[in-house]
Amino acid sequence: MKIGFIGLGNMGRHMARHIIQAGYEVIVHDLDELAAEEHLELGAEWAKNPAELAAQSQLIFTSLPGPKEVETVAFGEKGLAEGIKPDTTYVDLSTNSPALSKKLHQDFERLSVEMLDAPVSGGTTGAKDGTLAVLVGGTPEKFELIKEVLATFGDPSRVLHLGSIGSGNIAKLSHNLVSITSGMVLAEAMSLGVKAGVNPAALLEAIQGGAFGRGGAVHFAVPNIVLPGKFDDVQFALELARKDLRLALDLARDVNVPARFCAAAEQEATEGINDGYGKLDQTAAFLVQERRTGVEVRRSE
Ligand code: NAD
């Protein structure tokens, strides 16, 4: 099986290298031919455009900046669609719009090509080490067929099938919402702590050693309280959580630190208390958002 790989940037160059080093025959393409230097040295072939690459590949990967580039590479001039053969599998590793993944899936279906979305997580270090999380949307049958190739650059225990086409990107965007906003919340929290007088390195150590730093929310609270819906299994009551948010807001006012995330969280907790959840676990914040959205975040049996 020959594998085509397009997009040899900060992430793609490592992923393509792992596929080559696992012994697969690989053909590569990028707008920047120099990006392929290491791959050609390792024995990969060069294609001068996506159509030429597609004509020779049974499995094709793209790792491109975003929706615009993916659409161009797929259906633009000399794009994949101009060369691709029936029964080829196309996997987009870019972080992309789930709606575009679904649309491209339909367009490729007319060419008898099955597409999967498989955005990755773990940064350039994960890409370099071959330990990425790979979040896959597509049919379970195709997922099983390509899993081995994905595991050349992903940690096998983190190569996950999330559901039908688009699900990989839905999961990736949900993940990034948490990881990006928690970075911003950390900036707010640490600027507060430092301005109020604590040494930055000591403060970081305190945060790392606490419930948040140990991954308490995702490894304990959500699996054990939220997914089974056991909000009365109180580890830390919502009303006590709001008390701490108010204390943090008082401190922020004292030292002139804008704390907009803290203020929003205090409002959220207040809404939950008004809903009657004050004595429940602090994860009852989920119940507030569930009421507003009309979905329940529970484990399906
Ligand atoms: P990058 O900009 O470093 O690489 C993109 C590559 O695509 C470049 O080499 C560029 O020349 C090539 N390219 C762009 N348009 C092209 C076209 N029309 N035809 C052929 N090649 C083209 O980006 P990256 O950091 O490697 O990210 C790739 C994807 O992975 C993005 O969707 C990004 O959101 C996602 N991602 C990045 C990281 C990260 O830490 N960098 C982590 C996880 C996911």
Side-chain angles (χ1 to χ4, degrees), residues 3-20 26-42 44-57 60-84 90-104 115-137 150 152-155 158-160 162 165-183:
I3 298 178
F5 201 107
I6 301 178
L8 305 167
N10 290 326
M11 298 297 284
R13 70 190 172 101
H14 297 298
M15 295 192 270
R17 190 189 69 244
H18 285 299
I19 299 173
I20 299 166
V26 174
I27 179 163
V28 295
H29 171 72
D30 192 286
L31 281 183
D32 174 12
E33 197 168 341
L34 285 179
E37 216 166 9
E38 59 174 317
H39 309 92
L40 303 188
E41 268 171 28
L42 289 169
E45 288 171 55
W46 172 253
K48 58 180 187 300
N49 55 54
E52 186 182 292
L53 177 141
Q56 299 178 54
S57 311
I60 300 170
F61 290 102
T62 51
S63 173
L64 296 161
K68 185 165 60 79
E69 291 81 6
V70 174
E71 212 165 11
T72 303
V73 164
F75 285 96
E77 201 185 325
K78 299 257 189 288
L80 294 175
E82 288 186 23
I84 208 158
Y90 167 44
V91 183
D92 180 28
L93 302 163
S94 324
T95 301
N96 202 344
S97 135
L100 180 63
S101 300
K102 287 178 195 169
K103 180 188 174 294
L104 292 178
M115 176 181 167
L116 298 93
D117 62 320
V120 298
S121 187
T124 50
T125 307
K128 201 169 170 189
D129 300 345
T131 56
L132 289 168
V134 190
L135 311 176
V136 186
L150 299 178
T152 64
F153 53 81
D155 171 342
R158 294 185 174 130
V159 175
L160 303 175
L162 274 304
I165 181 74
S167 304
N169 274 303
I170 293 171
K172 168 75 182 175
L173 297 179
S174 303
H175 170 274
N176 277 19
L177 189 159
V178 184
S179 82
I180 295 166
T181 51
S182 43

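We count ligands from 1, going down the list as the structure has it; atoms in each ligand are counted the same way.
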Main-chain N/O of Ser101 paired with Asp117 side-chain donor or acceptor, under 3.5 Å: no
Do the non-hydrogen side-chain atoms of Ile170 and Leu162 ever get within less than 4.5 Å of each other? no
Indicate the ring-plane relationship of Trp46 and His29, choosing parallel, tilted or perpendicular according to the 30° and 60° boundaries. tilted
Is there a donor-acceptor pair under 3.5 Å between the side chain of Glu52 and the backbone N or O of Asn49? no
Does ligand 1 have any N/O pairs with the protein under 3.5 Å, and how far apart?
unit_1	atom_1	unit_2	atom_2	d
ligand 1	3 (O)	Asn10	N	3.0
ligand 1	3 (O)	Asn10	ND2	3.3
ligand 1	9 (O)	Gly9	N	3.4
ligand 1	9 (O)	Asp30	OD1	3.4
ligand 1	9 (O)	Asp30	OD2	2.6
ligand 1	11 (O)	Asp30	OD1	2.6
ligand 1	21 (N)	Leu31	N	3.3
ligand 1	26 (O)	Asn10	N	3.2
ligand 1	26 (O)	Met11	N	2.8
ligand 1	32 (O)	Leu64	O	2.9
ligand 1	32 (O)	Pro65	O	3.0
ligand 1	32 (O)	Thr95	N	3.0

Are the side chain of Thr131 and the backbone N or O of Ala127 linked by a donor-acceptor pair below 3.5 Å? no
Would Ser94 and Asn96 satisfy side-chain hydrogen bond (donor to acceptor under 3.5 Å, both in side chains), going step by step from the backbone distance to the final call? CA-CA 6 Å; Ser94 324; Asn96 202 344; 5.4 Å; no
